[in-house]
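To keep things clear, I will list the structure first and then write my remarks on it.
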Amino acid sequence: MPEGHSVHRLAQQFSDVFVGSAVRASSPQGRFAQGAELLDGMVMSRARAHGKQLFLDFSDGAATCSGVATRVLRVHLGLYGALDFGGDQTFAGASSIGAPRRIGEAEGSQIVGTEYVGPPEPVGAVRVRLVTDHGWGDLRGPTACEVLTVPEAELVIGKLGPDPLINQQGDRERFVQLLTRSKKSVGQQLMEQNILAGVGNIYRAELLFRQRLNPATLGSSVPSGAAASLWEDAVGAMNDGVRRGKIVTTGDPEVPHFVYQRNSQPCMRCGELVALRELAGRKLYWCPGCQ
DNA sequence: CCAAAATGTCTAG
DNA sequence: TAGACCTTTTGGC
């Protein structure tokens with residue numbers, strides 16, 4: 001159950017140990033058999049994330065001169081999708097984010113073995129299995145998993161809001177514009193991927209708390225300076241999440257969140273009890289005392 | 001063992 | 001806004 005930081009870690013993992021290699025693609029579960037067939041044998045040429053979506057580019061390694069036949073595998077893990085990795089020492093050692101690990105609910109759990117003898121028998125419903133000479137990745141439970149053309153992928157990305165983990169030139173101003181032009185509450189808008197890509201329920205709650213913003217505040221009532229601070233805080237907090245492989249907004253891994261899932265407990269800043277209500281079908285946590 | 005929950009998004013009404 | 005969907009893990013009997 002990933003927010004943007006998990007997906008950016010995945011993109012990094014693929015960049016480190018898949019990009020440049022020919023990939024065998026299959027669908028042990030069967031539901032992605034057609035898509036896997038399209039990709040099987042191609043070379044992964046690029047891996048990137050935008051918000052919560054992962055884009056893996058595949059090129060026909062043999063036909064580079066006559067225009068590269070490129071396909072893009074778009075993956076959205078949704079609420080409970082996950083990827084497992086495993087492989088040999090080269091595979092594990094090349095990763096800049098440490099040993100291959102499961103990215104998902106149990107972020108950080110180890111699965112790498114000492115000797116690599118090829119991928120194990122698929123366990124459970126593996127939608128896609130990607131295998132190189134040095135390792136493998138198993139995808140299960142994604143909300144979205146489809147093969148696109150490059151223009152189709154660009155179209156998807158074009159509809160997304162700015163991603164704090166990309167933080168391109170002009171992104172902060174774009175976010176400020178989008179947020180403050182709307183009368184929807186800031187709490188609601190932070191979950192909208194066309195406003196801010198990559199933020200989910202945890203970062204929403206924690207960022208609003210850190211910025212002392214009440215979730216009910218209208219976007220149009222948020223001063224542009226406060227909106228800019230919110231963006232900068234998202235950049236910092238989410239990059240920290242990428243580094244750690246988990247969300248720790250308090251700085252203390254023992255008590256990782258200020259308000260998320262801390263309803264009815266005293267606020268760590270002012271002592272008031274943390275509140276919980278449902279907003280647009282999702283649980284919203286905040287401190288009525290100091291936000 | 002079975003139900004519920006989980007860091008999400010879509011669609012119909 | 002309710003329901004559907006994708007799958008695993010956890011907690012209660």
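All values below come from the heavy atoms of this structure, side chains included, with hydrogens, waters and symmetry mates left out. In what follows, chains are A, B, ... by sequence order, proteins preceding strands, each numbered from 1.
Contacts between residues 25-39 of chain A and DNA chain C, defined by a heavy-atom separation under 4.0 Å, are made by A:Gln29, A:Arg31.
As a whole-Å value, the separation of A:Tyr260 OH from B:dA5 P is 13 Å. What separates CG of A:Leu284 from C1' of B:dA6 is a distance of 17 Å, to the nearest Å. Computed from coordinates, the A:Gln53 CD to B:dG8 P distance equals 13 Å when rounded to whole Å. Note: CZ (A:Arg140) to C1' (B:dA6) measures 16 Å, nearest angstrom. Note: CE (A:Met191) to C1' (B:dG8) measures 7 Å, nearest angstrom. Taking atom CG of residue A:Leu54 and atom P of nucleotide B:dG8, one finds them 16 Å apart after rounding to whole Å.
Using a 4.5 Å heavy-atom threshold, the side chains of A:Leu56 and A:Val19 count as separate. Looking at heavy atoms from C-beta onward, A:Val242 lies in side-chain contact with A:Leu165 at the 4.5 angstrom threshold. Side-chain atoms of A:Tyr203 and A:His5, non-hydrogen and from C-beta on, do get closer than 4.5 Å to each other.
Side-chain polar atoms of A:Asn239 and A:His8 form no donor-acceptor pair below 3.5 angstrom. Side chains of A:Glu152 and A:Thr149: a donor on one and an acceptor on the other come within 3.5 Å. With hydrogens and angles left out, the side-chain atoms of A:Arg212 and A:Gln291 include no donor and acceptor closer than 3.5 Å. Looking only at atom types and distance, the side chain of A:Asp84 has no donor-acceptor partner in the side chain of A:Trp136 under 3.5 Å away. Judged by distance alone, the side chains of A:Asp88 and A:His134 do bring a donor and an acceptor atom under 3.5 Å apart. Side-chain contact of A:Ser45 with A:Ser59: a donor-acceptor pair under 3.5 Å is present, judged by distance alone.
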If you restrict it to nitrogen or oxygen atoms, what contacts under 3.5 Å exist between nucleotides 10-13 of chain B and the protein, and what is each distance?
none

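With P as the reference atom, C:dC5 and B:dG13 are 14 Å apart, rounded to whole Å. Atom name C1', nucleotides B:dT7 and C:dT1: the rounded distance is 22 Å, in whole Å. Comparing the P positions of C:dC13 and B:dA5 gives an interatomic distance of 14 Å, to the nearest angstrom.
OP1 or OP2 of B:dT7 has not a single side-chain nitrogen or oxygen of A:Tyr203 nearer than 4.0 Å. Residue A:His76 places no side-chain N or O under 4.0 Å from the OP1 or OP2 atom of B:dG8. Within the structure, every side-chain polar atom (N or O) of A:Arg282 is placed at least 4.0 Å from both OP1 and OP2 of B:dT9.
Residue pairs satisfying the salt bridge (charged side-chain N to carboxylate O under 4.0 Å, His left out) criterion with at least one member in residues 190-207 of chain A, sequence neighbours excluded, are listed as follows: A:Lys184-A:Glu192.
Comparing atom distances between the A:Lys283 side chain and each of B:dA6, C:dT8, B:dT9 picks out B:dA6 as nearest. Of the candidate nucleotides B:dT7, C:dT8, B:dT9, B:dT9 has the atom lying nearest to any side-chain atom of A:Lys52.
Within 4.0 Å (heavy atoms only), A:Gly281 reaches no atom of the nucleic acid at all.
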